[in-house]
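This report concerns only the one structure given below.
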2 protein chains.
Amino acid sequence: MLRLQEGSRPTVPFPVNNTIRLACSDCSLREHCQPPDLSAADLARIEATISSSRRVARGSALFHAGETFDALYAIKSGFFKTTLTTADGRQQITGFHMGGDVVGLHGIGAGHYINDAIALEDSLACRMPYARIQEVAQQVPALQAHLHRIMSRQIASQHGVMLLLGNMRAEERVAAFLLNLLQRLDARGYSNTELQLRMTREEIGSYLGLKLETVSRIFSRFAADELIEVSNRHVRVLDMDALQARVHLPGCEPQA
Amino acid sequence: MLRLQEGSRPTVPFPVNNTIRLACSDCSLREHCQPPDLSAADLARIEATISSSRRVARGSALFHAGETFDALYAIKSGFFKTTLTTADGRQQITGFHMGGDVVGLHGIGAGHYINDAIALEDSLACRMPYARIQEVAQQVPALQAHLHRIMSRQIASQHGVMLLLGNMRAEERVAAFLLNLLQRLDARGYSNTELQLRMTREEIGSYLGLKLETVSRIFSRFAADELIEVSNRHVRVLDMDALQARVHLPGCEPQA
DNA sequence: CGACACCTTGAAGAGGTTCAAGAAATGTGG
DNA sequence: CCACATTTCTTGAACCTCTTCAAGGTGTCG
């Protein structure tokens, strides 16, 4: 079984859609994408079905809208966006996904993917054929429960996005976006005050329902107010409390 | 087993949260909430776990945010809204749900409901304890697959809402909203050109990220343009093609 | 070094909100 | 069954936020 050399930088062009193998038991993301408390036998069974990894080069797709759905993907490393395209060509980014996230769940019901999942940096994903997942879940209750949890959480988190898009002003959206990213990075052991954005201002805007100029202006405003420090795509939070305070609407404090 | 008299109008005040029993095999919504092609034995097993119905009076809740999650609900008849409330008191309606829809899925991952589900008219819902669903799904692959499909479809349809909130102008949102309702009613055997709104303009606005005045104005504009006919909460579509055309952005046709 | 993609900032403009007032529908109690 | 209160809806006018258009700057990669 090939062991990935995590730290090494490839000297050749990044291979696209190359399939390699890597043990689930070695995966640092186990607690994110697998049910806890599995027996060794169960783990082995799951591993046999899903330990096929796919490299995805920056800019290329894990799957495209319209392709027949046949597998879920757990992101092992890297960063993805999922984008919806309308008949008249408008694009909406429906999510940003990082290590441990599972993408493709929307395809189960439709039979095909409705999204494009595009890597925003060279990434590694774990391909999990859905037919096999179903089989194993039928025998391993913990996997079934885990799958339900993952789908349910995605539904719940999308409610949060609807709140963001439906109720928040531009400033609040950007603040909430940054805080959400930081929180997810924190949960993965990274800094909770500093991050490297993997997406353009335009992509942030698409996700937040704003234009790229608006996003840029708000970054500048936050920097001017000394809430954050922005240098290109590197963002450092200087005043976490103040940033969090911006998520609540400014002119509408609950009054006695 | 009590048989509901569908057509009869209760002469006593509508009983709140009353639990009655009604056979799944009698339910007109079977094809909506249950997997197809079940054996009689499987159907009986499912029925034993989920054939407990709850009446919910207009204005009261099927569940509240914060309550411990223990069951999913399939709506048998009536109409619900699900609403999210923020710390600072803002409300966002995250969905409208009618007969055949399943609500509460977001609770699986969180362990508690994150939404309020409020009946917009006197309604009947089928309570399905989640622990039992899990058990049965473990033994009946068709049920498991069906549950996955339901959750997946909800994820996919929420992507559509994100597109609506993130990318569409007010006019498009209202047109898309009406068309979506009509399509769902059509799938349930009702008219696909005429409907009785069960929610206020404010609730429509909350769902669409608009103010109630904006919704009202757009209804008036559509009526003035003879796309629809509005009389209070009754809406009849006069020109379906033109209404559908409003969903695409008006000033941005793909040009050669 | 030069081309290209990405970002910032300004000024003008549009779409939606806010505020306000009145009309219509709905519900309540006598 | 009618009068009254309440909720919901409509419409107008002023305002504000975000967008659009535009230009220049910065960073990156071949």
Side-chain angles (χ1 to χ4, degrees), chain A residues 9 12-14 57-59 81 90 92-93 118 120-122 164-175 177 196-225 228-235 246 249-252, chain B residues 13-14 57-59 81 90 92-93 118 120-122 164-175 177 196-225 228-235 246 249-252:
Chain A
R9 181 173 297 273
V12 290
F14 201 86
R58 175 164 174 240
K81 65 173 177 182
R90 274 179 287 186
Q92 167 83 25
I93 291 184
I118 311 284
L120 293 179
E121 59 180 346
D122 292 344
L164 183 138
L165 291 172
N167 251 311
M168 293 189 182
R169 313 215 144 283
E171 238 190 33
E172 298 186 272
R173 296 186 198 186
V174 175
F177 168 76
Q196 193 71 31
L197 296 172
R198 294 280 127 88
M199 70 295 282
T200 67
R201 304 287 191 261
E202 184 169 21
E203 285 165 333
I204 296 173
S206 169
Y207 180 62
L208 297 178
L210 301 171
K211 294 297 160 186
L212 69 99
E213 295 94 328
T214 307
V215 175
S216 177
R217 272 185 249 273
I218 288 170
F219 274 14
S220 300
R221 197 184 310 159
F222 282 173
D225 295 352
I228 61 175
E229 209 175 73
V230 182
S231 161
N232 297 315
R233 296 201 183 168
H234 186 88
V235 176
R246 297 273 173 137
L249 55 175
C252 186
Chain B
F14 199 86
R58 176 167 172 236
K81 66 173 177 181
R90 274 179 287 187
Q92 167 84 24
I93 291 184
I118 311 284
L120 293 179
E121 60 180 345
D122 292 343
L164 183 137
L165 291 172
N167 251 312
M168 293 189 181
R169 312 218 144 283
E171 237 190 35
E172 297 186 273
R173 296 187 198 186
V174 174
F177 168 76
Q196 193 70 32
L197 296 173
R198 295 279 126 90
M199 71 296 281
T200 66
R201 305 286 192 263
E202 184 169 21
E203 286 165 333
I204 297 172
S206 170
Y207 180 62
L208 297 179
L210 301 170
K211 294 296 159 186
L212 69 100
E213 294 95 328
T214 307
V215 175
S216 177
R217 271 185 250 272
I218 288 169
F219 274 13
S220 300
R221 197 184 309 160
F222 282 173
D225 295 353
I228 61 175
E229 208 175 72
V230 182
S231 160
N232 298 315
R233 296 199 183 170
H234 187 89
V235 176
R246 296 273 173 137
L249 56 174
C252 187

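Numbers restart at 1 for each chain; the letters A, B, ... are given by sequence-line order, proteins then strands.
- Checked against side chain to side chain contact (heavy atoms under 4.5 Å, CB included), A:Thr214 has the following partners two or more places apart in sequence or in another chain: A:Ala170, A:Leu210, A:Lys211, A:Ile218.
- Between B:Thr200 and D:dT7 there is no side-chain N or O to OP1 or OP2 distance below 4.0 Å.
- To the nearest 0.5 Å, atom CG of residue A:Asn167 and atom CD of residue B:Gln92 are 5.0 Å apart.
- With values rounded to the nearest 0.5 angstrom, A:Arg221 atom CZ is found 8.0 Å from A:Arg246 atom CZ.
- Residues passing the salt bridge (Lys or Arg N to Asp or Glu O under 4.0 Å) test with A:Arg217, sequence neighbours excluded: none.
- To the nearest angstrom, C1' of D:dT8 lies 13 Å from CZ of B:Phe219.
- A:Arg233 comes within 4.0 angstrom of sugar-phosphate atoms only, judged by non-hydrogen atoms across all strands, and of no base.
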Listing, residues 199-209 of chain B side-chain donor-acceptor contacts under 3.5 Å, not counting sequence neighbours, or none:
residue  : atom : partner  : partner atom : Å
B:Thr200 : OG1  : B:Glu202 : N            : 3.3
B:Thr200 : OG1  : B:Glu203 : N            : 3.0
B:Arg201 : NH2  : B:Asn232 : O            : 2.8
B:Glu203 : OE1  : B:Thr200 : N            : 2.9
B:Glu203 : OE2  : B:Lys81  : NZ           : 2.8
B:Ser206 : OG   : B:Ile93  : N            : 2.9

>> I'd like to know whether B:Leu165 forms a side-chain contact (heavy atoms from CB on, under 4.5 Å) with B:Arg173, so could you lay out the CA-CA distance, the side-chain angles of the two residues, the decisive distance to 0.1 Å, and finally the verdict.
In response: CA-CA 8 Å; B:Leu165 291 172; B:Arg173 296 187 198 186; 4.1 Å; yes

Got a list of protein N/O to nucleotides 4-6 of chain D N/O distances below 3.5 Å?
none

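- When every heavy atom of A:Phe219 is checked against every heavy atom of A:Leu197, the shortest pair comes out as CE2-CD1, 3.7 Å.
- B:Glu121 contributes atom CD, which lies 9.0 Å from atom CZ of B:Arg58 (distance to the nearest 0.5 angstrom).
- For DNA chain C, the contact window with chain A, defined by any atom under 4.0 Å from a protein heavy atom, covers C:dC6 to C:dT18 in 5' to 3' order.
- Atom CD in B:Glu203 sits roughly 8 Å away from atom P in D:dT8 (whole-Å rounding).
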Would you tabulate the pairs of protein nitrogen or oxygen atoms and nucleotide nitrogen or oxygen atoms of nucleotides 25-30 of chain D closer than 3.5 angstrom?
none

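- Overall, the helix from C:dC1-D:dG30 to C:dG30-D:dC1 carries an axis bend of 50° between its ends, with five pairs at each end and the value rounded to 10°.
- In this view, A:Arg233 satisfies the salt bridge (Lys or Arg N to Asp or Glu O under 4.0 Å) rule with no residue, not counting sequence neighbours.
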N/O to N/O distances under 3.5 Å, protein versus nucleotides 12-21 of chain D:
residue : atom : partner  : partner atom : Å
D:dG12  : N7   : B:Arg217 : NH1          : 2.9
D:dG12  : O6   : B:Arg217 : NH2          : 3.2
D:dA13  : N6   : B:Arg217 : NH2          : 3.4
D:dC18  : OP1  : A:Ala170 : N            : 2.6
D:dT19  : OP2  : A:Lys211 : N            : 3.3
D:dT19  : OP2  : A:Thr214 : OG1          : 2.3
D:dT20  : O4   : A:Arg217 : NH2          : 2.8
D:dC21  : N4   : A:Glu213 : OE2          : 3.3

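- Here B:Ser216 lies in heavy-atom contact (under 4.0 Å) with a base.
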